[in-house]
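To start, the structure under review is shown below, and the notes come after it.
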Amino acid sequence: MRSSLTLVGTLWAFLSLVTAVASSASYFLPYWLFGSQLGKPVSFSTFRRCNYPVRGEGHSLIMVEECGRYASFSAIPSLAWQMCTVVTGTGCALLLLVALAAVLGCCMEELISRMTGRCMGAAQFVGGLLISSGCALYPLGWNSPEIMQTCGNVSNQFQLGTCQLGWAYYCAGGGAAAAMLICTWLSCFAGRDPKPVLLVESIMRDSNSYAMEPDHCLQP
């Protein structure tokens, strides 16, 4: 089975898969921001949260220790986080699509040409840029009441208060940076040039077929 990728292209396909999986997994995991509330650890992503308060008996607050997403898009604590959810999710989808095509290129001949690889690299750059934009938007939501309750009521935009950034935030940003810088550059050398021999053979077959048509016409 012949690959449509060069040796550099195989490395590009592997790194594309790694960066796409790292960014997408970080997008879904609620470990972008760590804090505490009512003595319990709390963590957030853009649209998910672990451990949240509910009203118990006597109208007292108790912490439910489980992870889940917000009930609706409008329930996400801030407009900045809503935008971050959409932008980051779109970027992750782009990286996953390119990674899937790159992996298929390792197994299928003539699937990815030199020009196709460069176009896929451009898509990776856009995907990484979208995820990076989502990471930049994320701190704008730290002044929402829900986040302030978790961060000691002293958090603000770009000020964490008593909270701290989680590993998933750095992993998403790192995956986006690798996709923009490394994968985009490697994609320029990923695909193979079309074989000129095959092109000549195709032209010869076409010319032979055209040459045979007058012969048929001359037959009585």
Quiz item: How long is the gap from CD1 on Ile62 to CG on Leu38, to the nearest 0.5 Å?
Solution: 10.0 Å
Quiz item: Between Ala99 and Ala20, which heavy-atom pair has the shortest distance, and what is it?
Solution: CB-CB, 3.9 Å
Exercise. Examine Ile147 and Phe73 and state if one hydrophobic cluster contains both, with Ile, Leu, Val, Met, Phe, Trp and Tyr joined whenever side-chain heavy atoms are less than 4.5 Å apart.
Key: yes
Quiz item: Got a donor-acceptor contact below 3.5 angstrom from the Thr150 side chain to the Cys163 backbone?
Solution: no
Exercise. List in chain and number order the residues that pass ring-ring contact (aromatic ring centres under 6.0 Å, His included) with Tyr70, two or more places apart in sequence or in another chain; answer none if no residue qualifies.
Key: none
Quiz item: Passes side chain to side chain contact (heavy atoms under 4.5 Å, CB included), Phe14 versus Leu186? Steps please.
Solution: CA-CA 11 Å; Phe14 174 74; Leu186 290 177; over 6 Å; no
Exercise. Enumerate the residue pairs fulfilling ring pair (Phe, Tyr, Trp, His ring centres under 6.0 Å) with a member in residues 78-122, sequence neighbours excluded, ordered by first and then second residue.
Key: Phe44-Trp81, Trp81-Tyr138
Quiz item: Between CG of Leu11 and SG of Cys183, what distance do you get to the nearest 0.5 Å?
Solution: 8.5 Å
Exercise. Please answer: with hydrophobic residues joined when any side-chain heavy atoms are less than 4.5 Å apart, are Leu96 and Leu100 in the same cluster?
Key: no
Quiz item: Of all heavy-atom pairs between Pro30 and Ser45, which one has the smallest distance, and what is that distance?
Solution: CA-CB, 3.6 Å
Quiz item: Does the side chain of Val42 come within less than 4.5 Å of Ser36's, by heavy atoms?
Solution: no
Practice problem: Could you tell me which non-hydrogen atom of Arg114 sits nearest to which non-hydrogen atom of Gly191, and how far apart they are? | Solution: NE-O, 2.9 Å
Practice problem: Would you name the heavy atoms of Gln37 and Pro53 that are closest together and state the gap between them? | Solution: NE2-CG, 3.6 Å
Quiz item: Who are the side chain to side chain contact (heavy atoms under 4.5 Å, CB included) partners of Thr88, not counting sequence neighbours?
Solution: Tyr27, Trp32, Cys84, Cys92, Ile131
Self-check item: Candidate list Leu5, Thr10, Thr6, test side chain to side chain contact (heavy atoms under 4.5 Å, CB included), partner Val8, passing option
Solution: Thr6
Quiz item: At what distance, to the nearest 0.5 angstrom, does CG of Leu104 lie from CG of Leu111?
Solution: 6.5 Å
Exercise. Would you check if Leu29 and Trp167 make a side-chain contact, meaning some heavy-atom pair closer than 4.5 Å?
Key: yes
Quiz item: Nearest heavy-atom pair of Ala102 and Met120: which atoms, and what distance?
Solution: N-CE, 3.8 Å
Quiz item: Can you name the salt bridge (charged side-chain N to carboxylate O under 4.0 Å, His left out) partners of Arg48, sequence neighbours left out?
Solution: none
Quiz prompt | Hydrophobic cluster identity match, Leu79 and Phe158, side-chain contacts under 4.5 Å | solution = yes
Quiz item: Under 3.5 Å, side chain of Ser43 to main-chain N/O of Tyr31, donor-acceptor pair present?
Solution: no
Quiz prompt | Reported CD1-to-SG distance for the pair Ile112 and Cys106, which is rounded to 0.5 angstrom | solution = 7.5 Å
Quiz item: Do Phe28 and Phe47 come close enough that some side-chain heavy atom pair is under 4.5 Å?
Solution: yes
Quiz item: Heavy-atom distance under 4.5 Å between the side chains of Val86 and Gln82, does that happen here?
Solution: no
Quiz item: Any donor and acceptor pair, going by atom type alone, linking the side chain of Ser187 with main-chain N or O of Arg118 inside 3.5 Å?
Solution: no
Quiz item: Backbone N or O of Asn51 within a donor-acceptor pair of the Arg49 side chain at under 3.5 Å?
Solution: yes
Quiz item: Are Val21 and Val18 connected in the hydrophobic side-chain network, where two residues link if heavy atoms are under 4.5 Å apart?
Solution: no
Exercise. Can you establish whether the number of heavy atoms outside Arg69 located under 6.0 Å from its atom CZ is more than 12?
Key: no
Quiz item: If two hydrophobic side chains count as joined below 4.5 Å and joins carry through other members, does Leu15 share a cluster with Val126?
Solution: no
Exercise. Can you run down the ring pair (Phe, Tyr, Trp, His ring centres under 6.0 Å) pairs that involve residues 90-131, sequence neighbours left out, and say none if there aren't any?
Key: none
Exercise. Give a yes or no answer on whether the side chain of Thr19 reaches the backbone of Ser16 with a donor-acceptor pair at less than 3.5 Å.
Key: yes
Quiz item: Going from CG on Leu17 to CG on Leu95, what distance comes out if it is rounded to the nearest 0.5 angstrom?
Solution: 11.0 Å
Quiz prompt | Distance (rounded to the nearest 0.5 Å) between Leu137 CG and Ser132 OG | solution = 11.0 Å
Exercise. Apply side chain to side chain contact (heavy atoms under 4.5 Å, CB included) to Leu165 and list each qualifying residue two or more places apart in sequence or on a separate chain.
Key: Leu33, Trp142, Leu160, Tyr169, Tyr170
Quiz item: What pair of heavy atoms forms the shortest contact from Cys135 to Pro139, and how long is it?
Solution: O-CD, 3.2 Å
